[in-house]
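Below is one structure; the comments refer to it alone.
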Amino acid sequence: MASRRIEYIDAMRGFTMILVLFAHVCYFCMDDPKMGYNAVFFLFRLPCFFMISGWLFEPIAQHPFKIVARHKAMVQLLPTFIFLLLLAPPPEFFHQLGAVKGGYWFTFVLFEFFILYMLIVRLGRKWAPWMAFLITFSSFVYARYYDCIQSSAVGFQSMIVSGLGFLSVTLWRFFLFFYIGTWMRRNFDTFIRWTNKPIVVLVIAFLFLAIASSPHLDLLWYEILRFYVGGIMGMWLVFTCFRLFGSWLKKLHLSRPLQYVGTRTLDIYLLHFFFLPRFLMPYADQLRAYDSRIVEFFVILAIALVVLAITLLASYLIRLSPFLGHYLFGVKYERYK
């Protein structure tokens, strides 16, 4: 049972990583975040990643705080700063240290989530859900008005806003998904018992489709509802599909490739920015001229898979060096344990 769980978790991570590449092709190569159904993928892509991260971190959180924090800093922060420095050398490097960090915000925020979760768990399990909700809701509201706050801040206020930007506080709105992942791990039998029921799966699918097809309204309460209900329903649906239909993936010979991608998500995330074909930007209008989301989807997916293949090759070559593999991707070679 344990290996089967790891298989579908890794396959889900691989699937989600491909969606990240898909999104970055839309953003950095097509300059259009809504192409090829990416607006729908946005609802569950990052919630899935953070949920899986929380699910995997839950057992680790019980270990000594200093040991976990030091290890995660070596695996998450050191490689992030190295690759950001390579992608944007000084003086541009210092201009990339805001909320999104030139695209390298995820590993930075994930490290902060590890720290936040260990802190709130140590304060008491009964308070943890409320603290997770408070962190998440406060971040969402702050993100909503961040541009206004940043433009009006002066003096000491400006320093505080810059510090919060460096900490990527606007992105702590994803913390709820991370916390849900830890809850799922702690209550895994209960979660499976409920999501095995066809009626529950149908309700989750209906709610997600309703949210995905709903219009965008410039209302705070509506944005919060759409963001969290869509994210929770989407990630639970994806998780349940991979858990229940893993045998179908094996029959289609997709399970092993997705699992392999799932075990290389850090490598792919850190490396792929160097291989995004940004020169395709002038051709984006030609793709939009087809006025077909399906055509856009397959073209962008093909580009994302090519980037994935090149990135995996680069990852393989880098990992041939124990030194580089350890310090760039956190690989535990015997010499560096």
Side-chain angles (χ1 to χ4, degrees), residues 1-17 19 43-65 68 72 110 113-136 174-209 211 228-252 254-256 258-263 265:
M1 175 63 74
S3 65
R4 188 170 71 86
R5 290 181 184 178
I6 292 174
E7 285 182 3
Y8 69 72
I9 286 289
D10 282 340
M12 182 179 169
R13 290 174 71 188
F15 167 76
T16 311
M17 189 70 243
L19 291 185
L43 289 174
F44 64 85
R45 179 176 58 244
L46 287 172
C48 281
F49 244 131
F50 281 116
M51 180 270 288
I52 295 171
S53 299
W55 195 89
L56 294 173
F57 185 68
E58 166 61 22
I60 302 173
Q62 313 306 319
H63 291 82
F65 185 94
V68 177
K72 291 299 182 181
L110 187 57
F113 286 1
F114 293 150
I115 300 301
L116 285 171
Y117 182 71
M118 287 191 293
L119 288 175
I120 66 174
V121 165
R122 280 157 175 76
L123 291 174
R125 284 283 187 185
K126 68 176 182 178
W127 300 107
W130 299 105
M131 296 182 70
F133 175 79
L134 179 62
I135 291 169
T136 302
F174 290 103
F175 184 68
L176 182 62
F177 303 118
F178 180 90
Y179 182 80
I180 289 174
T182 66
W183 177 90
M184 288 169 58
R185 183 65 178 266
R186 292 194 309 274
N187 302 277
F188 197 63
D189 291 338
T190 302
F191 175 78
I192 287 180
R193 186 165 59 251
W194 276 95
T195 53
N196 270 346
K197 299 178 180 180
I199 185 63
V200 174
V201 177
L202 288 174
V203 169
I204 291 174
F206 174 79
L207 287 174
F208 176 76
L209 292 174
I211 291 292
Y228 290 111
V229 175
I232 292 171
M233 297 300 104
M235 72 181 188
W236 280 9
L237 188 61
V238 173
F239 185 89
T240 301
C241 286
F242 271 87
R243 183 176 63 82
L244 295 179
F245 305 117
S247 59
W248 289 14
L249 290 176
K250 290 181 179 179
K251 291 178 181 179
L252 295 172
L254 293 175
S255 182
R256 291 288 293 276
L258 286 175
Q259 288 175 47
Y260 181 76
V261 173
T263 62
T265 51

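For the pair Glu58 and Tyr117, the minimum side-chain heavy-atom distance is below 4.5 Å. Put simply, the side chain of Arg185 does not reach to within 4.5 Å of the side chain of Phe191, judged on heavy atoms. Contact check for Leu134 versus Trp130: no side-chain heavy atoms found under the 4.5 Å cut-off. With contacts defined as side-chain heavy-atom distances shorter than 4.5 Å, the pair Leu249/Tyr8 does not qualify. Side-chain contact between Phe65 and Ile115 is present, with heavy atoms from C-beta onward closer than 4.5 Å. Between Val68 and Phe57, the closest side-chain pair of non-hydrogen atoms falls below 4.5 Å. Between Ile52 and Met12 the shortest side-chain heavy-atom distance falls below 4.5 Å. Looking at Leu237 and Val201, their side chains come closer than 4.5 Å, going by heavy atoms from C-beta outward.
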Practice item. Could you check Met233 against Phe206 for side-chain contact (heavy atoms from CB on, under 4.5 Å), going step by step and ending with a plain yes or no? Key: CA-CA 9 Å; Met233 297 300 104; Phe206 174 79; over 6 Å; no
**Study point:** Working for side-chain contact (heavy atoms from CB on, under 4.5 Å), residues Thr195 and Phe239
**Key:** CA-CA 10 Å; Thr195 53; Phe239 185 89; over 6 Å; no
Practice item. Tell me, with the steps shown, if Phe208 and Trp236 meet ring pair (Phe, Tyr, Trp, His ring centres under 6.0 Å). Key: CA-CA 10 Å; Phe208 176 76; Trp236 280 9; over 10 Å; no
Exercise for review: List the steps, then state whether side-chain contact (heavy atoms from CB on, under 4.5 Å) holds for Leu19 with Phe44.
Suggested key: CA-CA 10 Å; Leu19 291 185; Phe44 64 85; 3.5 Å; yes
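The two residues Ala128 and Ile120 have their closest heavy-atom pair at O-CD1, 4.0 Å. Lys250 and Ser255 get closest at one heavy-atom pair: CG-CB, 3.7 Å.
Arg186 forms a cation-pi arrangement with Tyr179, by the criterion of a distance under 6.0 Å to the ring centre and an angle within 45° of the ring axis.
In this structure, the separation between CE on Met131 and CG on Leu119 is 8.0 Å, given to the nearest 0.5 Å. To the nearest 0.5 Å, atom CG of residue Leu56 and atom CZ of residue Phe178 are 9.5 Å apart. Atom CZ of Phe177 is separated from atom OG of Ser53 by 13.0 Å, given to the nearest 0.5 angstrom. Once rounded to the nearest 0.5 Å, the distance linking CD1 of Ile9 with CZ of Arg13 reads 8.5 Å. Atoms CD1 and OH, from Ile180 and Tyr228 in turn, are 10.0 Å apart once rounded to the nearest 0.5 Å.
Defined by atom type and a distance below 3.5 Å, a donor-acceptor pair is present between the side-chain atoms of Asn196 and Arg243.
Note: Phe113 and Phe175 meet the aromatic proximity criterion, with ring centroids under 6.0 Å apart.
Residues meeting the salt bridge (Lys or Arg N to Asp or Glu O under 4.0 Å) test with Arg256, sequence neighbours left out: none.
Screening Ile211, Leu209, Val203, Ile204 for a side chain to side chain contact (heavy atoms under 4.5 Å, CB included) with Leu207, the sole residue that qualifies is Val203.
Under a cut-off of 6.0 angstrom, the local environment of NZ in Lys197 is crowded, with over 12 non-hydrogen atoms contributed by other residues, nucleotides or ligands. Counting non-hydrogen atoms of neighbouring residues, nucleotides and ligands closer than 6.0 angstrom, the OH atom of Tyr260 exceeds 12 such neighbours.
Ring planes of Phe15 and Phe242: tilted class, angle from 30 to 60°.
Arg122 places a side-chain N or O within donor-acceptor distance of the main-chain N or O of Met118, the cut-off being under 3.5 Å. Side-chain atoms of Thr136 come within 3.5 Å of backbone atoms of Leu176 as a donor-acceptor pair (strictly under, hydrogens ignored).
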